[in-house]
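As the structure lists them, so they are numbered: ligands from 1, and atoms in each ligand from 1.
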Amino acid sequence: MNQYDAIVVGARCAGSPTGMLLARKGYRVLVVDRATFPSDTISTHLVHPPGVAALRRWGLLDRLLTSGCPPIDTYSFDFGPFTISGAPGHEEEPLSYGPRRTVLDHLLVNAASYAGVEVREGFSVDEVIVEDGRVTGIRGHGEGGRNVTEHARIVVGADGRNSLVARAVKPDQYHEKPQLMSGYYTYWSGLPMDGRFETYIRPDRAFAAWPTNDDLTLVVGGWPYTEFEANKRDIEGNYLKMMELVPSFADRLSSATREARIVGTAVPNFFREPYGPGWALVGDAGYNKDFITAQGIHDAFRDAELCAEALDATFSEARTFEAAMAHYQSTRDQQVLPMYEFTTQLATLEPPPPELQQLLGAVHGNQQAMDAFARVSAGVTSPAEFFSEENVGRIFATAS
Ligand SMILES: Cc1cc2nc3c(=O)[nH]c(=O)nc-3n(C[C@H](O)[C@H](O)[C@H](O)COP(=O)(O)OP(=O)(O)OC[C@H]3O[C@@H](n4cnc5c(N)ncnc54)[C@H](O)[C@@H]3O)c2cc1C
């Protein structure tokens, strides 16, 4: 009955790599998405060094570079009284990139297709088929409207935070937190960044800018979710007023040209149990967090690798489904939990507690510590390691 080993719903950062990695191992894979590609989605797109490393491992980095996307070698965090500026990566993977999702997602879809995945664009999944408590397939329709049913040994939900697959299988949700910040962004020409990702942190506000394709610069900023309703009546006015909190940046912006409309959103924070009988979840479908630390793309890449490995172990009967997928879940959770706490703390946009302010003051001017802080925000070093007693003691000792 199974025409496919795996059906993957969603073809962006989580879905296409999951399909590609399974197809490269010789499995029959169908990836479907209601979108067609290239297409945009509401998301900014800073890809930190761990995401760049995944693209390199998969042999896709050169394709990204041919899009002309400029590299980013410096992250700066302007807290008002001082700025911390450091390198986001290590020697072996020093750079970040900010590719447009039209570029990145298209490249991933093409790579999946090249690996042998059957990719169906413009195909909406309407229903997940469950038989005797086990997911066995999907029902959906293409652009012509004809209903189609497909079966597989596993259905992978890579269908984003509002995942239809998750709604159908109702996994446990844990570590839940509500929306904390509303963020809005647009693109500017005439705002050179010289390879820098710049962040400005002010009371109840934070914004950031970095270069992307086509000589454009993305500028994203946000306010607490408590202001969501009041500010949505004048998003543009509030967006520009936020930049005026930093006159030197507002000056640079005044000689730039806005090239697109302002878009944005606010997202909830949660983990979902990422597997069950006949199904798995990857990317935002399984773990979603505020975008203030821009972790979602490389998190999706990591899930794709871990999940594809676990499914391979199951299909090849090297491990039971339960053992392989439990390993996927525990590895994911262990790796991301400290960053999740750090991210959701930052997303409140509350002033850093006094101990953190002292620590940041001691980091400022110590290049080794500033690089280490940049690597934390890039998801290269775990906040657990950076904020460990031993490391904090070292930073204060150097400062005194
Ligand atoms: C405002 C904002 C800014 C962000 N900025 C960054 C950033 O700078 N860096 C970063 O790393 N991350 C960022 N993120 C997070 C990032 O966008 C996500 O983590 C990432 O897109 C997750 O990829 P995904 O493949 O899991 O899901 P998605 O990118 O959401 O893709 C899901 C796909 O599933 C398809 N789909 C859904 N339902 C169906 C269905 N029923 N049938 C068929 N297809 C379906 C959709 O069409 C879509 O293409 C940001 C997010 C937001 C909201």
| task | Test side-chain contact (heavy atoms from CB on, under 4.5 Å) on K25 and L311 and set out the steps. | result | CA-CA 10 Å; K25 288 180 194 290; L311 291 176; over 6 Å; no
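- Side-chain atoms of T74 and R196 form no donor-acceptor pair, as typed in the model, at a separation below 3.5 Å.
- Between the side chains of S76 and S85, no donor N or O sits under 3.5 Å from an acceptor N or O.
- Between I297 and ligand 1, a contact under 3.5 Å exists for at least one N or O pair.
- Contact atoms of ligand 1 toward G10: 33 (C), 34 (O), 35 (C) (distance under 4.0 Å to a heavy atom of the residue).
- For S124, the closest heavy-atom approach to ligand 1 falls below 4.0 Å.
- A side-chain N or O of Y4 and one of E118 form a donor-acceptor pair less than 3.5 Å apart.
- Both L346 and L360 are assigned to one and the same hydrophobic cluster, defined by single-linkage of ILVMFWY side chains at heavy-atom distances under 4.5 Å.
- Here's the thing with A14: one of its N/O atoms is less than 3.5 angstrom from an N/O atom of ligand 1.
- Side chain to side chain, S43 and R101 meet the donor-acceptor criterion of an N or O pair below 3.5 Å.
- Closest to atom 52 (C) of ligand 1, if we only count protein heavy atoms, is F291 CD2, 3.4 Å.
- Of the N or O atoms in R34, one or more lie within a sub-3.5 Å distance of an N or O in ligand 1.
- Among all non-hydrogen protein atoms, the one lying nearest atom 23 (O) of ligand 1 is C13 CB, 3.7 Å.
- Contacts with ligand 1 closer than 4.0 Å are made by no heavy atom of D126, backbone or side chain.
- Residue K289 has no nitrogen or oxygen atom sitting less than 3.5 Å from a nitrogen or oxygen atom of ligand 1, judged on distance alone.
- Summarising the contacts of atom 48 (C) of ligand 1 with V47, D33, L281, V282, the nearest heavy atom is found in D33.
- Residue-ligand proximity, G160 to ligand 1, at heavy-atom distances under 4.0 Å covers atoms 27 (O), 30 (O), 32 (C).
- Residue contacts with ligand 1: T41 is excluded, as none of its non-hydrogen atoms falls under 4.0 Å.
- Here's the thing with S43: one of its N/O atoms is less than 3.5 angstrom from an N/O atom of ligand 1.
- Every atom of ligand 1 is numbered from 1 in the order shown, and the set under 4.0 Å from a heavy atom of G283 is 26 (O).
- Atom OH of Y340 is separated from atom CG of D333 by 10.5 Å, given to the nearest 0.5 angstrom.
- Below 4.0 Å from some heavy atom of T265 lie the following atoms of ligand 1, by number and element: 53 (C).
- Residue A294 has at least one N or O atom closer than 3.5 Å to an N or O atom of ligand 1.
- Of the options D284, D299, T44, V8, the smallest heavy-atom separation from atom 20 (C) of ligand 1 is shown by D284.
- G296 CA, 4.0 Å is the protein heavy atom nearest to atom 15 (C) of ligand 1.
- Taking a 4.0 Å cut-off on heavy atoms, F123 registers as neighbouring ligand 1.
- In this structure, A158 has a heavy atom closer than 4.0 Å to ligand 1.
- Aromatic ring pairs are classed by plane angle as parallel below 30°, tilted from 30° to 60° and perpendicular above 60°; the pair H45 and W210 is perpendicular.
- Between R205 and E244, no side-chain nitrogen of the basic residue sits less than 4.0 Å from a carboxylate oxygen of the acidic one, so the salt-bridge criterion is not met.
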| request: Dump the intermediate steps for side-chain contact (heavy atoms from CB on, under 4.5 Å) on D78 and R202, then the final yes or no. | output: CA-CA 9 Å; D78 178 325; R202 295 294 184 270; 3.1 Å; yes
| field | Worked verdict on E131 versus R134 for salt bridge (charged side-chain N to carboxylate O under 4.0 Å, His left out) | value | CA-CA 5 Å; E131 290 168 274; R134 179 182 183 80; over 6 Å; no
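- At a cut-off of 3.5 Å, with distance as the only test, no side-chain donor of Y187 or D214 sits close to an acceptor on the other residue.
- The shortest separation from a heavy atom of H48 to ligand 1 is not under 4.0 Å, leaving the residue out of contact.
- Considering both main-chain and side-chain atoms, A285 never comes within under 3.5 Å of ligand 1 through any nitrogen or oxygen pair.
- Listed by number with element, the atoms of ligand 1 under 4.0 Å from a non-hydrogen atom of I42 are 52 (C), 53 (C).
- For atom 29 (O) of ligand 1, the nearest non-hydrogen atom of the protein is R101 NH2, 3.0 Å.
- You'll find the side chain of F77 stays beyond 4.5 Å of the side chain of E198, heavy atoms only.
- Between H45 and ligand 1, at least one pair of N/O atoms sits closer than 3.5 Å.
- Side-chain contact, T102 with D40: no donor N or O sits under 3.5 Å from an acceptor N or O.
- For the 3.5 Å distance criterion, the side chains of H298 and Q295 qualify, holding a donor opposite an acceptor.
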